[in-house]
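The residues of the chain are indexed from 1 along the displayed sequence.
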Amino acid sequence: MATGTNRKVLFSFAAPFDLSPFESSLFLVIIVVCLVAEKTCGRTESEPGRLDLGYARIFGKILAVLLVGILAWAYRAVQPPPPKICGTPDGPTVTASRIKLRDGRHLAYKENGMSKDVAKHKIVYVHPFDACRHDAVIPTALSPGLVEELEVYVVFFDRPGYGESDPHPKRTVKSFALDIEELADQLGLGSKFYVIGYSMGGEMTWGCLKYIPHWLAGVTLLTPVINYWWPGFPANLSKEAYNQKLPQDQWTLRVAHYASWLIDWWMTQKLFPSSSVASHKIEILSAQDKEIAARISQQRIHVVFCYLLAFALVLVS
């Protein structure tokens, strides 16, 4: 009964500070350490040359407990939250078409363009960071007439952990290529297909060239992200390109390369600036890209204005 009362007192004490039970316990440990340290220092000052070994031992043990507590808190802080898998009781509802892979995971996809049964060019599109299967750059950016003329079929899919595709914590460059192979096989794309990788998707596409080249009719990389530590690239070229990045992006790449287990914490913490891509900073664009982005924004504003004007005319009439 006393234990339950103590817990209630502890949690009510922590409530105004918005502390969890673990954090409030850690806070009390710090207070005890301070009190013991003050007592030990008082003994030392009143009796010069003598050290109270009993207090010193207690102080050492509490420091050890405090260190373990801090390490446990730090470990918990850097762990990503558990995923919410589509189709499970705690997860979102499945709305996409999906295939089931050999290992039991699901891959969500979306088809566009001509029917794959008559298409001449069958394309698997790998979306970039901060996107999903709905990021249909091709062929929605093309006119329907050109799509028919080129006989293009494109399948977009959510990369593992994106959209409605199940996460794959142990994914590798090879496993990603094998996911594409199985997607193409289950959809019946034939013996050869094309792969287009955009930005971060371009890095994944490198794995297709290495692990499933026999399936490929061709590969296209659109402004691909690369691994600056890949040994196949000239060291001087990689270094030059790396140094052109913003400092915050250099640090993000270092964390991803040397301490990948910290990347979730790094991308969500507020102490230091992380990825400029995730924060959509305009500074990452070249001068030419900034001009194009400005024109696109003006065009969008013009289109929105036209829609509003049309809507107003409908209301008036």
Side-chain angles (χ1 to χ4, degrees), residues 80-142 147-148 150-222 224-225:
K84 294 183 179 180
I85 300 176
C86 290
T88 61
D90 297 330
T93 304
V94 175
T95 61
S97 300
R98 305 201 303 176
I99 64 165
K100 188 173 183 179
L101 302 172
R102 285 185 291 266
D103 60 5
R105 290 181 295 115
H106 292 87
L107 215 59
Y109 68 92
K110 177 182 178 181
E111 298 173 291
N112 212 323
M114 297 187 65
S115 168
K116 59 177 174 285
D117 297 325
V118 297
K120 182 178 180 181
H121 301 95
K122 300 169 186 177
I123 301 171
V124 177
Y125 176 84
V126 187
H127 68 76
F129 172 81
D130 197 18
C132 65
R133 69 185 183 280
H134 296 300
D135 183 42
V137 176
I138 303 170
T140 54
L142 304 177
V147 171
E148 291 183 8
L150 298 177
E151 300 180 9
V152 174
Y153 159 88
V154 187
V155 57
F156 308 86
F157 69 99
D158 292 333
R159 286 160 40 193
Y162 283 75
E164 296 187 30
S165 289
D166 295 339
H168 188 197
K170 297 182 179 179
R171 64 187 177 277
T172 62
V173 175
K174 181 177 181 179
S175 72
F176 186 84
L178 296 180
D179 285 352
I180 291 180
E181 178 184 40
E182 194 167 355
L183 174 68
D185 184 49
Q186 290 199 34
L187 293 181
L189 300 190
S191 58
K192 295 284 184 178
F193 55 85
Y194 297 86
V195 176
I196 296 178
Y198 178 28
S199 189
M200 186 71 79
E203 183 178 11
M204 311 302 181
T205 306
W206 287 103
C208 297
L209 290 168
K210 182 175 182 180
Y211 296 107
I212 58 169
H214 51 285
W215 282 93
L216 303 178
V219 169
T220 300
L221 303 174
L222 301 177
V225 171

* When Phe157 is tested against each of Val124, Ile99, Leu187 for side-chain contact (heavy atoms from CB on, under 4.5 Å), which residue passes? -> Val124
* Asked: Can you check whether Tyr109 reaches Leu107 side chain to side chain, under 4.5 Å on heavy atoms?
  -> no
* Asked: Nearest heavy-atom pair of Ser165 and Ala108: which atoms, and what distance?
  -> OG-N, 2.9 Å
* Can you label the angle between the Tyr162 ring and the His127 ring as parallel, tilted or perpendicular, going by 30° and 60°? => perpendicular
* Asked: Say you draw a straight line from CZ of Arg159 to CE of Met200; how long is it, rounded to the nearest 0.5 Å?
  -> 6.5 Å
* To do: Determine, step by step, whether Ile180 and Val126 satisfy the side chain to side chain contact (heavy atoms under 4.5 Å, CB included) criterion, reporting the C-alpha distance in whole Å, the side-chain angles of both residues, the deciding distance to 0.1 Å, and the verdict.
  => CA-CA 9 Å; Ile180 291 180; Val126 187; 3.9 Å; yes
* Please confirm whether the backbone N or O of Lys84 pairs with a side-chain atom of Thr88, one donor and one acceptor, at under 3.5 Å? => no
* Asked: Once you round to the nearest 0.5 Å, how far does OG of Ser97 lie from NE2 of His106?
  -> 12.5 Å
* Asked: If you take all heavy atoms of Phe156 and Asn112, which pair is closest and at what distance?
  -> CE1-CB, 3.6 Å
* Asked: Can a salt bridge be assigned to the pair Arg98 and Asp166 using a cut-off of 4.0 Å between side-chain N and carboxylate O?
  -> yes
* Structure fact -> Interatomic distance, OH@Tyr125 vs OG1@Thr220, rounded to 0.5 Å, equals 11.5 Å
* **Nearest heavy-atom neighbours spanning Tyr153 and Ala119** => CB-CB, 3.5 Å
* **Residues, nucleotides or ligands: over 12 heavy atoms within 6.0 Å of Lys100 NZ** => no
* Of all the heavy-atom pairs spanning Gly113 and Val147, show the shortest one and how long it is. => CA-CG1, 4.0 Å
* **Flag side-chain contact, heavy atom, 4.5 Å: Glu164 against Arg133** => yes
* To do: Classify the ring geometry between Trp215 and Phe193 as parallel (under 30°), tilted (30 to 60°) or perpendicular (over 60°).
  => tilted
* Structure fact -> dist Leu183:CG -> Leu178:CG (nearest 0.5 Å) comes out at 12.5 Å
* Asked: Where is the tightest heavy-atom contact between Pro224 and Gly202, given as atom of each residue plus distance?
  -> CB-CA, 4.0 Å
* Structure fact -> Interatomic distance, CG@Leu221 vs CH2@Trp206, rounded to 0.5 Å, equals 5.5 Å
* Any salt bridge (charged side-chain N to carboxylate O under 4.0 Å, His left out) pairs touching residues 105-115, not counting sequence neighbours? -> Asp103-Arg105, Arg105-Asp179, Glu111-Lys116
* Asked: For Pro213 and Leu209, which heavy atoms make the closest approach, and how far apart are they?
  -> CB-O, 3.6 Å
* Using atom types as modelled and distance alone, determine if a side-chain donor or acceptor of His121 lies under 3.5 Å from a backbone N or O of Leu150. => yes
* To do: Starting at SG of Cys208, measure out to CZ of Phe176 and round the result to the nearest 0.5 Å.
  => 7.0 Å
